[in-house]
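Note that these values count all heavy atoms, side chains included, but never hydrogens, waters or copies made by symmetry. In this text the structure is predicted, and so the values were computed from the model without any measurement. Convention: sequence-line order gives letters A, B, ...; per-chain numbering from 1.
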Number of protein chains: 2
Amino acid sequence: MEITQETDYAVRCVLYLSSIGPEQTVRIEEIAAEMQIPRSFLAKILQKLTQADIVRSYRGVKGGFRLSRPPKEITLLQVVEAVEGPVAMNRCTREGSLCDFKKTCVVHPVWRRLRTIVETYMKDITFEKLKKERRQEAMAQNILTVRRKKT
Amino acid sequence: MEITQETDYAVRCVLYLSSIGPEQTVRIEEIAAEMQIPRSFLAKILQKLTQADIVRSYRGVKGGFRLSRPPKEITLLQVVEAVEGPVAMNRCTREGSLCDFKKTCVVHPVWRRLRTIVETYMKDITFEKLKKERRQEAMAQNILTVRRKKT
DNA sequence: ATAATACGAGACTAATTTTATCCTGTTTAG
DNA sequence: CTAAACAGGATAAAATTAGTCTCGTATTAT
């Protein structure tokens with residue numbers, strides 16, 4: 001019942017790209033440094049995000065990554081699914097075929113419903129929202145810093 | 001974002017015990033056979049359930065297991081937590097200390113909220129509810145069987 | 001053109017977690 | 001006292017997660 005480290009990295013990565021102007025590109029190197037993600041692992045994650053059309057990649061000298069659409073149109077669910085695949089709580093509810101209890105299992109519907117709940121929640125969290133909160137956090141930090149300097 | 005096989009076994013195990021009279025005890029052997037769970041693995045799971053005071057164990061000749069309270073008072077959350085530990089979506093939100101982004105991370109609250117949502121849902125699912133549905137399923141199956149016999 | 005830069009893809013490795021199994025010890029009914 | 005049944009710890013196999021490396025391909029500045 002846990003998201004993986006990889007997913008956490010992916011979310012932070014997209015969050016970082018959300019704070020970048022839509023015209024700029026950012027190199028893996030920079031994202032890795034800023035978000036403290038192992039460089040080569042991040043490269044893999046960005047491949048998945050590219051394939052899911054969440055980010056777009058540009059090769060060559062001035063290359064790098066940027067979001068393929070505005071943060072408003074990118075949800076947490078999309079990012080999670082891009083790296084983890086479909087959010088099924090339970091193997092049975094995904095593979096279906098392999099469960100011997102098939103029709104009579106009363107637990108399946110419970111897991112399926114939980115899945116829907118989780119999906120609904122994550123679908124509602126856009127990176128626009130996260131970005132805004134992030135800016136507010138930064139400002140709050142700033143105020144604190146200024147105050148500290150005054151004293 | 002998945003429950004483990006172990007959790008699934010645990011849930012099915014408690015579900016089976018819910019269908020047993022509160023005076024009876026059931027041997028590991030029987031549960032394993034009925035619910036198709038590897039015997040020795042189930043033994044381990046039952047240890048955890050015992051330690052979480054969800055089931056009670058009885059040693060010796062007429063020994064076995066039974067629920068330590070009525071199914072109405074056992075929730076899905078309790079069983080899940082008994083085998084998996086606290087339901088934290090994200091390592092940071094559990095270990096806290098190790099995350100470098102601490103205060104400024106806007107994703108943490110999202111995972112925490114999701115956790116609360118999942119917990120709330122699972123807290124509402126009691127084994128009394130599951131048991132009832134199970135009986136209904138069984139009856140439905142029965143009707144179908146009878147019909148089939150008639151033809 | 002070509003050299004330097006930056007991502008793409010796949011193979012590979014290491015670490016961790018999950019999924020078990022087994023053995024020895026303890027409890028208990030008869 | 002003995003056979004039945006769980007308790008607990010050590011161990012092992014399998015699967016998943018996390019991360020690395022190398023070589024290839026595209027792009028741009030010169």
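Distance CZ (B:Arg56) to P (D:dA7): 13 Å, rounded to an integer number of Å. Between the CE atom of B:Met1 and the P atom of D:dT16 there is a distance of 18 Å, given to the nearest Å. Rounded to whole Å, the distance from CD1 on A:Ile28 to C1' on D:dT20 is 13 Å. In this structure, B:Leu42 places its CG atom 16 Å from C1' of D:dG8, rounding to the nearest Å. Straight-line distance from the CD atom of B:Glu2 to the C1' atom of D:dT16: 11 Å, rounded to whole Å. Residue A:Lys48 contributes atom NZ, which lies 12 Å from atom P of D:dG19 at whole-angstrom precision. Rounded to whole Å, atom P of D:dC21 lies 11 Å from atom CZ of A:Arg39. What separates CD1 of A:Ile3 from P of D:dT17 is a distance of 12 Å, to the nearest Å.
Using a 4.0 Å heavy-atom distance criterion, A:Ser40 is classed as a base contact. A:Glu6 comes within contact range of the sugar-phosphate backbone alone, with a heavy-atom separation under 4.0 Å but no base atom that close. Here A:Glu30 lies out of heavy-atom contact (under 4.0 Å) with every strand. As judged by a 4.0 angstrom heavy-atom cut-off over every strand, A:Gln5 is placed among residues touching the sugar-phosphate backbone only. Using a 4.0 Å heavy-atom cutoff across all strands shown, B:Leu46 reaches no nucleic acid atom at all.
Distances shown here put every side-chain N or O of A:Arg59 at or beyond 4.0 Å from the OP1 or OP2 atom of D:dT25. Note on B:Ser57: a side-chain N or O is less than 4.0 Å away from OP1 or OP2 of D:dA7. The side chain of B:Gln47 places no N or O atom within less than 4.0 Å of a non-bridging phosphate oxygen (OP1 or OP2) of D:dG9.
The stretch residues 27-50 of chain B participates, sequence neighbours left out, in these ring pair (Phe, Tyr, Trp, His ring centres under 6.0 Å) pairs: B:Tyr9-B:Phe41.
Ionic pairing of B:Glu6 and B:Lys44 is not present here: no N-O contact between side-chain nitrogen and carboxylate oxygen is shorter than 4.0 angstrom. Salt bridge A:Arg66/A:Glu23: absent, no basic N to carboxylate O contact under 4.0 Å.
Put simply, CD1 on B:Ile74 and CZ on B:Arg69 are 5.0 Å apart, with the number rounded to the nearest 0.5 Å.
Residue B:Lys44 has its side chain nearest to D:dG9 when only D:dG9, D:dA3, D:dA7 are considered. Of the candidates D:dA7, D:dG19, D:dT17, D:dG19 carries the atom nearest the A:Phe41 side chain, counting heavy atoms from C-beta on.
Looking at A:Phe127 and A:Lys72, their side chains never come closer than 4.5 Å, going by heavy atoms from C-beta outward. The side-chain heavy atoms of A:Leu42 and A:Met35, taken from C-beta on, include no pair separated by under 4.5 Å. No side-chain heavy atom of B:Ser57 sits under 4.5 Å from any side-chain heavy atom of B:Leu46.
Annotation: salt bridge (charged side-chain N to carboxylate O under 4.0 Å, His left out) contacts of B:Glu119 (sequence neighbours excluded): B:Arg115.
In summary, contact between chain A and DNA chain C, defined as any nucleotide atom under 4.0 Å from a heavy atom of the protein, begins and ends at C:dA4 to C:dT19 in the 5' to 3' direction.
Where A:Lys62 and A:Pro38 meet DNA chain D, the nucleotide closest to each residue was compared, and A:Pro38 sits on the side nearer the 5' end.
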